[in-house]
Amino acid sequence: MLAKEFRIKFKKDFDNILKSRNKFFSNNFSLRFSQNNQDVSKFSIVVSAKISKKAVIRNQLRRRIFEILRLEMSNIKPGYSVMIFPKLGALLLDYQTLEQEIFYLLNKSRLLKNETR
RNA sequence: UUAGAUUGGUGGAUGAUCGCUUUUUAUUUUUUAUUAAAUAGAGAGAGGAAAGUCCGAACACCACGCUGUUUCCAGCAUUAAUGGAGAAAAUAGUUGCUAACGGCAAUCCUUGCAGGGGUGACUUUGCAAGAGGACAAGUGCAACAGAAAAUAUUCCUUUCCGCUUUGGCGGGAUAAGGGUGAAAUUCUAAGAUAAUUAGCUUAGACGCUCUGUUUCAAAAAAACAGAGAAGGGGUAAACUCUAUUCGGUGCAAAACCAAAUUAGGUAGGUUGCUAGAGCUAUUUAGUGAUAAAUAGCCAAGAUAGAUGAUCAUCUUAAACAGAAUUCGGCUUACAGCCAAUCUAACAUU
RNA sequence: GCCCUCGUAGUUCAACGGAUAGAAUAUGUGCUUGCGGAGCAUAGGAUCCAGGUUCGAUUCCUGGCGAGGGUA
């Protein structure tokens, strides 16, 4: 789990992200972000009830993604607010492939400091 | 011993690396302020159902002059004040427990299953289930079949009289038997009748209502006795009647502080927010639910939402599954293990 | 979090508590046509699940499951 300062807190921030046009997609995720004028990047993960009706499964998926982001934190550019939406297929993935997809998405949206093309 | 059913309990462990929320200690920096921040250490961190949101309460606010009972009509006017009527909804054997409940306990009754007794109707014991007031106040409903399904009344059989072309026809009597259906008018005796006989008359039994006595922890039921009324099929998860209960909104309630921007009280923040109808143990009272006393204990509190991720080992990704104001229930989901009871099979004595 | 509504053929809808659950459309087969379409005939196909009340339940009651909507 990420610490409080790296999580998006206010409704205003969510609205800003949803208004912005920065959208990127992979097979099992979609990602949206906008710039904020702060020193750190902030994250939020939204798991819809459509993905699973059970709260345990949704929580597990959310925690795994947060864990991946935490380990990548030093490599991410500061000053952005990012939302990640898993799709239905993300339930079937194991931890390794989740990690690869998240890394691919961040790279594609140019949020990483060391870009690899 | 094995298998199954029911009830109760439990609801992965250990280690490594990296984290999150919260409480607290130390050090450093900082502030008008023990204010705020950083680093390090220590402690705590989902459930038996946290779920469904099906009931009940606590608590908060809103509406209401007061009492009765937070509906209505009258009543009362702060040393005050009781009569009548009743919409919608909910509940329903009886007694008790509880803050309260549609929950729980005990018990009665009914139904089902099993064993014993009996030719049999039935009776008795055990277990299980039951939304279990009233159809003897009124109204409605009952396909098909059947004569007839409720102000109705002979299809067949039986029997008497008349007629007869001996095939039957007409008019009575008859509820003993048959047949239909899920269901067919409570039972008995006497009279009326040529005779037998549901309807008519009289008397009684069963059942109903009320009263008394016995039994019982208590009440109901039951048994016995007395009185009364009426004429008695089913159905109220049909209308309805009887008795009882009942204001509305839900912690995103609500209170406080408070930018941009004077106000309003918006953004945002703090409180509400975890010491409680609390948990554990013992004793006492009670058939029991439960209550009382004594002793000990403090056990998540997040806020777009912490309680985790990866790896290894054990015995297998352990089953169902994630607190959101808080409790009491109900319902639904649930692998493995442990205990008790019951059932079946096998083995031994 | 709280509140409300609805589940019937593949689809859109019917059906007083009475039993063969109906209609349109779609699907299959046949007829028609040189072939196809249209048309005609015919066949199969459903009450979300589990209990209960009742002689009898799509209908009444209870509990699940699923779908949709509202509100802050």
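These numbers come from the heavy atoms of this one structure, side chains and all, not from hydrogens, waters or symmetry mates. Each chain gets a letter, A, B and so on, in the order its sequence line appears, and its residues count up from 1.
Nucleotide B/U193 forms no Watson-Crick or G-U wobble pair with any nucleotide shown, as no partner meets the under 3.5 Å limit on both distances. The partner of B/C311 is B/G15, by the rule that a Watson-Crick or G-U pair needs both atom distances under 3.5 Å. The partner of B/U110 is B/A129, judged by Watson-Crick or G-U wobble contacts that both fall below 3.5 Å. Nucleotide B/A50 has no partner under the Watson-Crick or G-U criteria, as no pair reaches both atom distances under 3.5 Å. Checking B/A89 for Watson-Crick or G-U wobble geometry (two distances, each under 3.5 Å) identifies B/U245 as its partner. Using N1 to N3 plus N6-O4 or O6-N4 for Watson-Crick, or N1-O2 and O6-N3 for G-U wobble, each under 3.5 Å, B/C20 pairs with B/G45. Across every strand in view, B/U209 sits in a pair with B/A227 that passes the Watson-Crick or G-U test at under 3.5 angstrom. The partner of B/G162 is B/C169, by the rule that a Watson-Crick or G-U pair needs both atom distances under 3.5 Å.
Rounded to the nearest Å, the gap between the P atom of B/U294 and that of B/U249 is 43 Å. Atom P of B/C337 sits at a distance of 33 Å from the matching atom of B/U349, rounded to the whole Å. B/C135 and C/A14: their C1' atoms are spaced 36 Å apart (whole Å). Taking the P atoms as reference points, B/A142 lies 45 Å from B/A192, given to the whole Å. Nucleotides B/G278 and B/A99 are separated by 15 Å at their C1' atoms, to the nearest Å. Rounded to a whole angstrom, the distance from the C1' atom of B/C155 to that of B/G181 is 15 Å. Using P as the reference atom, B/C54 and B/U284 are 46 Å apart when rounded to the nearest Å. C/A9 and C/A15 are spaced 15 Å apart, taking the C1' atom of each and rounding to whole Å.
Minimum atom distance to the side chain of A/N59 is reached by B/A46, of the listed B/A309, B/U21, B/A46. Of all nucleotides listed (B/C18, B/A309, B/G305), B/A309 comes nearest to the side chain of A/Q60. Here the side chain of A/S44 is nearest to one of B/G19, B/A304, B/A321, namely B/A304.
In this entry the distance linking CE of A/M73 with C1' of B/C20 reads 14 Å, nearest Å. The interatomic distance linking A/E67 (CD) with B/U17 (C1') rounds to 11 Å, in whole Å. Between the CD1 atom of A/I57 and the C1' atom of B/A51 there is a distance of 14 Å, given to the nearest Å. Atom pair A/I45:CD1 and B/A306:P shows a separation of 11 Å (rounding to whole Å applied). Taking atom CG on A/L61 and atom P on B/G322, their separation rounds to 15 Å, with Å as the unit. Look at CD on A/E99: it is 17 Å from P on B/C18, rounded to the nearest Å. Atom CG of A/L71 and atom C1' of B/U310 are 9 Å apart (whole Å). The CD1 atom of A/I17 sits 14 Å away from the P atom of B/A304 (whole-angstrom rounding).
Residue pairs meeting the ring pair (Phe, Tyr, Trp, His ring centres under 6.0 Å) criterion with at least one partner in residues 40-59 of chain A, sequence neighbours excluded, are absent.
Taking the side chain to side chain donor-acceptor pair (under 3.5 Å) definition, one finds that A/N75 meets it with A/N114, sequence neighbours left out. Residues passing the side chain to side chain donor-acceptor pair (under 3.5 Å) test with A/S81, sequence neighbours excluded: A/N36. Scored by the side chain to side chain donor-acceptor pair (under 3.5 Å) test, A/N59 finds A/R62 as partners (sequence neighbours excluded). Partners of A/T97 according to the side chain to side chain donor-acceptor pair (under 3.5 Å) rule, which considers only residues two or more places apart in sequence or in another chain, are A/D94.
B/A317 has its base syn relative to the sugar, with a glycosidic angle deviating from 0 by at most 90°. Regarding the sugar-base torsion, B/A105 falls in the anti class, its angle being beyond 90° of 0. Against the 90° criterion about 0, the sugar-base torsion of B/G48 places it in the syn range. Nucleotide B/G167 is shown with a syn base, its glycosidic torsion being within 90° of 0.
Between A/F33 and A/F24, the two ring planes are parallel [angle under 30°; tilted spans 30° to 60°].
A donor-acceptor contact shorter than 3.5 Å is absent between the side chain of A/K77 and the backbone of A/S41.
The shortest distance between the side-chain N/O atoms of A/R62 and the OP1/OP2 oxygens of B/A304 is not below 4.0 Å. Of the side-chain N and O atoms in A/R64, one or more sit less than 4.0 angstrom from OP1 or OP2 of B/U310. The side chain of A/R63 contributes an N or O atom lying less than 4.0 Å from OP1 or OP2 of B/U307.
Annotated stems with RNA chain C as a participant read C:1-7 with C:65-71, C:10-13 with C:22-25, C:27-31 with C:39-43, C:48-52 with C:60-64, given as range with range, by first number; only runs of 3 or more Watson-Crick or G-U pairs under 3.5 Å qualify.
Contact check on A/E67 versus A/R70 returns a salt bridge, with a Lys/Arg side-chain nitrogen under 4.0 Å from an Asp/Glu carboxylate oxygen.
For the pair A/Y95 and A/V56, nearest-nucleotide mapping onto RNA chain B gives the more 5' position to A/Y95.
Each of A/L31, A/V82, A/N28 was checked for a side chain to side chain contact (heavy atoms under 4.5 Å, CB included) with A/L105, and the lone residue meeting it is A/L31.
Minimum interatomic distance between A/I84 and A/F29 (heavy atoms only, all atoms of both residues): CG2-CD2, 3.9 Å.
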